[in-house]
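Below is one structure, written out as structure tokens; comments come after it.
Per chain, numbering begins at 1; letters A, B, ... match sequence-line order. Just so you know, these numbers come straight off a predicted model, no measurement behind them.
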Amino acid sequence: MTTDTDAYDLLTRRTTEVITDEELRELAADPEGKRAYVGYEPSGVLHLGHMLTANKLLDLQEAGMEVVVLLADVHAYLNGKGTFEEIRETGAQMREQFLAYGLDEDQTEFVYGSEFQTDEEYVLDLHELELSATLNRAQRAMAEIQGDETAKVSHVVYPLMQALDIEYLDLDLAIGGLDQRKVHVLHREEIEGLGYESRPCLHTPILADLGTGVGKMSSSSGVTISMEDSADAVEQKVNNAYCPPTRDPEPTDDGEDRENPVLELFQYHVFPRFDTVEVGRPEEYGGDLSYESYDSLAADLESGELHPADAKQTLADYLDELIRPGRQKIRDGE
RNA sequence: CCGCCCUUAGCUCAGACUGGUAGAGCAGCCGACUGUAGAUCGGCUUGCCCCCCGUUCAAAUCGGGGAGGGCGGACCA
């Protein structure tokens, strides 16, 4: 049994933005049976970015909400990710990996976009949106998501469909990384013109690039950690990560903001899934440590009590544990 | 449909006018230094020069054809 404030806390913890706070509090007052979703373009392997929003889904399930995972095959197709056959297939793999990661099969509804996005009613609503939304607006919403750098007509249809999905999946809440922000705002501002009600949105952070702490960790340009990675690969990637002993690294010489990706991974991936974090440390450096919260670990890293090298070794071990079931599943599937 | 511009290393581009089988910066990799990474220093890798045909002893470079990409083509100024 949870109280209202507990539910609100569960829903909003480790998010960077709530739109709007008022609407979310209303939802948190009675979350039981309410529906939330995240949409993913099926891509080969589940990586840390997917898992980050999945962690939020786990929070929502804990609060009693129903969770819908949209396997956005039509969206992926519109974004030039391959043929429908290929996309559907990777969608099925993705579903398995989400389950292996820890989503409860009985509490999670997996839906392919193509199951409803070609219904006549949907398509006609889409056309209505095309009529009311501005090209410029749709393109800006799409800018962060778009794969192909040359804008196609499909790219501008894409965010409009997302706006509609939130209605057609009968949701009470939309979840997404902060890169989905403009799409969600588009939904909120345009959907009412069709006579529907806009929904609140919750945005998770975008993890910083592992190697530099600058910009976002991108799966396309290489260094993310995915379920395909071996324990050794995880260890190597983590060990190569940028990790000054602080939560707020100095900006680069070019003035770009930097994060500490190692701490981010502790905060958003390790602590949400483990109650305590044990650091195995050689006697010569002071012996083992144990943490029950992200803050205490981060504080020790800043004070020098916890050396980055030990933090990294620990992080690699825990990430590997998170990934292991999915990795096993991938191997069994081959 | 017509016109102009672009296409060379993973990325941004130089080299083309005055043919002699290719360069820089960044990235990447390796090593040194730090009990991590970064910074710093030292070293290293990489190319169907978009494709085809032609001229030539010799073509990234010149000529022709083609492909892909970008931009433009009412009026006003």
Side-chain angles (χ1 to χ4, degrees), chain A residues 43-44 47-48 78-82 135-136 138-140 142-156 205-226 228-271 277-291 294-323:
Chain A
S43 73
H47 57 68
L48 289 177
L78 290 173
N79 200 12
K81 296 295 173 61
L135 246 192
N136 183 283
Q139 247 180 307
R140 283 191 297 132
M142 194 55 194
E144 306 246 354
I145 304 164
Q146 198 168 315
D148 196 348
E149 68 281 359
T150 305
K152 304 281 170 47
V153 174
S154 63
H155 288 129
V156 96
I206 298 297
L207 297 176
D209 179 78
L210 204 51
T212 63
V214 177
K216 60 183 169 186
M217 181 166 71
S218 104
S219 51
S220 51
S221 72
V223 188
T224 183
I225 290 168
S226 79
E228 274 181 345
D229 287 315
S230 65
D232 285 347
V234 172
E235 188 174 339
Q236 197 189 349
K237 286 177 178 180
V238 170
N239 188 41
N240 286 339
Y242 173 70
C243 185
T246 170
R247 283 184 241 219
D248 304 301
E250 293 293 311
T252 64
D253 295 340
D254 299 332
E256 291 176 299
D257 278 343
R258 290 174 130 169
E259 302 298 329
N260 184 323
V262 170
L263 282 181
E264 283 190 331
L265 293 180
F266 270 112
Q267 183 176 14
Y268 295 110
H269 279 294
V270 177
F271 280 101
V277 171
E278 309 281 349
V279 177
R281 193 166 61 170
E283 282 305 326
E284 101 181 79
Y285 295 126
D288 296 353
L289 292 167
S290 175
Y291 297 98
Y294 164 72
D295 281 330
S296 57
L297 183 147
D300 270 9
L301 188 82
E302 290 194 317
S303 72
E305 173 63 27
L306 174 64
H307 192 276
D310 295 320
K312 283 182 170 180
Q313 183 56 53
T314 305
L315 178 64
D317 290 344
Y318 279 87
L319 288 181
D320 182 58
E321 196 161 325
L322 285 174
I323 284 165

- Same-atom distance (P) from B/rA32 to B/rC11, integer angstrom: 31 Å
- Task: Please determine, for B/rC49, whether a Watson-Crick or G-U wobble partner exists with both distances under 3.5 Å, and give it or none.
- Result: none
- Query: Now, which nucleotide makes the Watson-Crick or G-U wobble pair with B/rC4, with each of the two distances under 3.5 Å?
  - Reply: B/rG70
- Below 4.0 angstrom, N of the basic side chain to O of the carboxylate: do A/Arg281 and A/Glu305 qualify? yes
- Task: Calculate the interatomic distance between A/Arg247 atom CZ and B/rG38 atom P; express it in whole Å.
- Result: 23 Å
- Message: What contact category does A/Pro245 fall into here, base, sugar-phosphate, or nothing, at under 4.0 angstrom with non-hydrogen atoms?
- Response: base
- Proximal nucleotide (of B/rU36, B/rG35, B/rA37) relative to the A/Asp310 side chain: B/rG35
- When rounded to whole Å, the CG to P distance for the pair A/Asp209 and B/rA37 reads 16 Å
- Please state the P separation for the pair B/rA77 and B/rG69 - nearest whole angstrom. 36 Å
- Take the protein atom CD of A/Gln313 and the nucleotide atom P of B/rA37, then report the distance between them rounded to whole Å. 13 Å
- Message: What is the separation between atom CG on A/Leu263 and atom P on B/rU36, rounded to the nearest whole Å?
- Response: 17 Å
- Distance, rounded to the nearest Å, where A/Asn240 contributes CG and B/rU34 contributes P: 19 Å
- Item | Residue whose closest nucleotide on RNA chain B lies nearer the 5' end, A/Arg258 versus A/Tyr285 | A/Tyr285
- Could you work out the separation of B/rG68 and B/rC50 based on their C1' atoms and round it to a whole Å? 8 Å
- Task: Provide the closest heavy-atom pair for A/Cys243 versus A/Leu301 in the form atom of the first, atom of the second, distance.
- Result: SG-CD2, 4.4 Å
- A/Phe271 vs A/Tyr294 aromatic rings, parallel, tilted or perpendicular, using cut-offs 30° and 60°? perpendicular
- Query: Watson-Crick or G-U wobble partner for B/rC26, using a 3.5 Å limit on both distances?
  - Reply: B/rG10
- Query: Atom CG of A/Asn260 to atom P of B/rA37: distance rounded to whole Å?
  - Reply: 14 Å
- Message: In whole Å, measure the gap between the P atoms of B/rG43 and B/rC5 for me.
- Response: 43 Å
- Which base, if any, makes a Watson-Crick or G-U wobble pair with B/rC17, both distances under 3.5 Å? none
- Item | Spacing between A/Phe266 atom CZ and B/rA37 atom P, to the nearest angstrom | 16 Å
- Are A/Asp317 and A/Gln313 linked by a side-chain donor-acceptor pair shorter than 3.5 Å? yes
- Determine the interatomic distance between P on B/rC62 and the same-named atom on B/rC44; round to the nearest Å. 33 Å
- Task: Over all heavy atoms of both residues, which pair between A/Gln139 and A/Val156 is shortest? Give the atoms and the distance, please.
- Result: N-CG2, 3.8 Å
- Query: Which pair of non-hydrogen atoms, one from A/Ala208 and one from A/Glu259, has the smallest distance, and what is that distance?
  - Reply: CB-CB, 3.7 Å
- Message: In whole Å, measure the gap between the C1' atoms of B/rC49 and B/rA16 for me.
- Response: 11 Å
- Item | P-based separation of B/rU36 from B/rG31 [nearest Å] | 14 Å
- How do A/Leu306 and A/Gln236 order along RNA chain B: which one's closest nucleotide is nearer the 5' end? A/Gln236
- Item | B/rA22 versus B/rG47 - spacing of their P atoms, nearest Å | 11 Å
- Is B/rC76 paired to anything, Watson-Crick or G-U wobble with both distances less than 3.5 Å, and if yes, which nucleotide? none
- Item | Partner nucleotide, any strand, of B/rU40 [Watson-Crick/G-U, under 3.5 Å] | B/rA32
- Query: Which heavy atom in A/Leu265 sits nearest to a heavy atom in A/Leu48, and how many Å separate them?
  - Reply: CD2-CD1, 3.8 Å
- In whole angstroms, the gap separating P of B/rU36 from CG of A/Asn239 amounts to 9 Å
- Should B/rG54 form a Watson-Crick or G-U wobble pair with both distances under 3.5 Å, which nucleotide is its partner? B/rC62
